[in-house]
Amino acid sequence: MTIRLPAGDGGFRAYEPRKEPLAATPGTPFTSRTVFSAAHVVADPFADSTPDSPAAVDWDATLAFRRHLWSHGLGVAEAMDTAQRGMGLDWAGAAELIRRSAAEAKSVGGLIACGVGTDQLTGPATLDEVRAAYEEQLALVEESGAQAILMASRALAAAAKGPEDYLEIYGHLLRQSAEPVVLHWLGPMFDPALEGYWGSGDLDTATDTFLEVIAAHPDKVDGIKVSLLEARREIDIRRRLPQGVRCYTGDDFNYPELIAGDEQGFSHALLGIFDPLGPLAAEAVRVLDTGDAKGFRELLDPTVELSRHLFQAPTRFYKTGVVFLAWLAGHQSHFTMVGGLQSARSLPHFARAYELADGLGLFPDPKLAEERMKNLLSLYGVNQ
């Protein structure tokens, strides 16, 4: 049996769905790499909300998905951009998400790190207001018992006049943090408001400032997450880090080679693509734990085409594909997103995402995924 999928050029193509899923079983945490999946949130489809209203979250389904990730040995990176932070999920919603997920992590023994930003600031802000906003969020994350991830700040990007402002703000935060944090450099392809972060539009100059922050406080930086989609730059930064500071790749285009590493080092991982790839990624990292880099690449390299598809420009809308695949995989009962973001990608985009994910065996129940894909197609007027 085949399914009729839109080809994107006005025509259609026939696709024969896979009959059996990938065999992936839950397991213990990894030994060779620290791996986080940045997790999505599940919207409440029955809430009477609008794109401008506070996010209505289905907490049971959202926490169940985190338990799914933990069961495979993955850590959860919470309240990051994958959770639609700043794109449907405001600070009040993020704070509740952090509190609930951190408590759930404690109950199951799961690894968790949470995003610290300044998104309670909704208009122009001074540097003092940016600092205070960061402090408020850092305090909440530390009180929850989770590790802090210092996210890039739109408000800081708008208020800073040069590298010295970044050095001052980040230095202040690192000095007062109770435990080592992860510093997150999110590129403008993920958020256009972050253009020129670290005080310069020149990436070499920005990189120098970024590394200067770390060099001044190496004992307070567990690691960095680099989301610039440039493998060569990440490798260069990785090699310049102080001893003991980790690099967590955020490169959803080149992650297999960066995690596998080379003779001079490797990257750990904190990736949005590991939301839909969770069980498969876990299997690959367990192979890597045995020292089998070739086997790791054989499992993970074929997933890059799907990742590049989901993260294609405009990259910030990758969350739509992530939630779409979670619906097809049966992790949630509907394809609805906070802020109405389910409308951010086209039907041909969804069709290709389904085809690639099904080919990888990502759906625990391929028949359910096929039925849901057909239902979506029928809503667009595509008859089988």
Side-chain angles (χ1 to χ4, degrees), residues 24 27-38 72-75 77 111 113 147 149 180-187 189-190 198 202-274 277-308 311 360:
T28 57
F30 318 116
T31 58
S32 64
R33 304 289 188 274
T34 301
V35 181
F36 290 94
S37 166
H72 286 276
L74 296 156
L111 179 65
Q147 183 180 22
I149 304 170
V181 307
V182 176
L183 293 182
H184 185 191
W185 184 358
L186 191 69
M189 68 288 294
F190 289 94
W198 303 110
D202 178 77
L203 283 179
D204 290 337
T205 302
T207 296
D208 289 342
T209 302
F210 182 50
L211 290 169
E212 186 177 346
V213 169
I214 299 163
H217 308 277
D219 58 321
K220 288 298 186 76
V221 181
D222 163 68
I224 62 168
K225 170 176 158 58
V226 183
S227 300
L228 298 175
L229 304 183
E230 288 188 22
R232 191 70 250 166
R233 182 169 298 277
E234 177 174 321
I235 293 170
D236 174 66
I237 293 173
R238 187 173 76 197
R239 291 175 178 171
R240 296 168 64 187
L241 290 174
Q243 186 71 26
V245 176
R246 309 180 197 194
C247 179
Y248 294 92
T249 187
D251 189 332
D252 300 277
F253 283 3
N254 305 292
Y255 50 93
E257 65 185 87
L258 292 165
I259 297 170
D262 55 31
E263 66 283 352
Q264 297 185 52
F266 58 82
S267 294
H268 299 270
L270 199 166
L271 288 161
I273 191 57
F274 280 6
L277 290 184
L280 192 159
E283 288 288 318
V285 176
R286 287 196 179 88
V287 170
L288 188 59
D289 284 347
T290 70
D292 184 1
K294 182 174 181 291
F296 166 80
R297 294 294 298 270
E298 287 174 351
L299 278 173
L300 213 55
D301 281 357
T303 69
V304 171
E305 185 177 7
L306 171 64
S307 189
R308 287 178 175 250
F311 284 77
L360 292 168

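On a predicted model such as this, the values are computed, not experimentally measured, just so you know.
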Provide the closest heavy-atom pair for Ile259 versus Leu288 in the form atom of the first, atom of the second, distance. CG2-CD2, 4.1 Å
Tell me every residue that passes side-chain contact (heavy atoms from CB on, under 4.5 Å) with Arg239, counting only those two or more places apart in sequence or in another chain. Arg232, Ile235, Asp262, Gln264
Rounded distance [0.5 Å steps], CG in Asp301 versus NZ in Lys294: 10.5 Å
Taking C-beta and beyond as the side chain, do Val304 and Pro256 meet within less than 4.5 Å on heavy atoms? yes
Donor + acceptor pair across side chains of Ser267, Tyr255 (<3.5 Å): no
Within a strict 4.5 Å, meaning less than it, do heavy atoms of the Asp219 and Pro180 side chains meet? no
Is there a side-chain contact between Arg246 and Phe266 in this structure, where contact means two heavy atoms from C-beta onward sitting under 4.5 Å apart? no
Measure the CZ-OG1 distance between Arg308 and Thr303 for me, rounded to the nearest 0.5 Å. 11.0 Å
Looking only at heavy atoms, which two atoms of Pro218 and Val245 are closest? And how far apart? O-CG2, 4.0 Å
Mind running side-chain contact (heavy atoms from CB on, under 4.5 Å) on Glu298 and Val287 for me, showing each step along the way? CA-CA 10 Å; Glu298 287 174 351; Val287 170; over 6 Å; no
Taking all non-hydrogen atoms of both residues into account, name the closest pair between Leu300 and Ala284 and its distance. CD1-CB, 4.2 Å
So do the side chains of Trp198 and Thr205 get within less than 4.5 Å of each other, counting heavy atoms only? no
From CA spacing to verdict: side-chain contact (heavy atoms from CB on, under 4.5 Å), Phe296, Val285: CA-CA 7 Å; Phe296 166 80; Val285 176; 4.2 Å; yes
So do the side chains of Ile149 and Leu270 get within less than 4.5 Å of each other, counting heavy atoms only? yes
Is Asp289 salt-bridged to Arg33, cutoff N-O under 4.0 Å? no
Is a donor from one side chain sitting under 3.5 angstrom from an acceptor on the other, for Tyr248 and Asp222? yes
Is any side-chain heavy atom of Ile224 less than 4.5 Å from a side-chain heavy atom of Phe210? yes
A side-chain contact here means heavy atoms from C-beta on lying under 4.5 Å apart; do Val35 and Phe274 qualify? yes
Residue pair Ile214 / Pro242: nearest heavy atoms and the distance that separates them: CG2-CD, 3.7 Å
Could you check whether any side-chain N or O of Arg238 sits under 3.5 Å from a backbone N or O of Leu258, counting only pairs where one atom can act as donor and the other as acceptor? yes
For the pair Arg240 and Asp208, evaluate salt bridge (charged side-chain N to carboxylate O under 4.0 Å, His left out) and give the outcome as yes or no after the intermediate values. CA-CA 10 Å; Arg240 296 168 64 187; Asp208 289 342; 2.9 Å; yes
Sidechain-backbone polar pair: Asp252 side chain, Ile273 backbone, donor-acceptor under 3.5 Å: yes
Least distance between heavy atoms, Met189 atom then Ser227 atom: SD-O, 3.8 Å
For residues Phe253 and Asp251, report the shortest heavy-atom separation together with the two atoms involved. N-OD1, 2.9 Å
Report yes if some heavy atom in the side chain of Trp185 is under 4.5 Å from a heavy atom in the side chain of Lys225; otherwise report no. no
If we ignore angles and hydrogens, is there a donor and acceptor under 3.5 Å between the side chains of Thr249 and His268? no
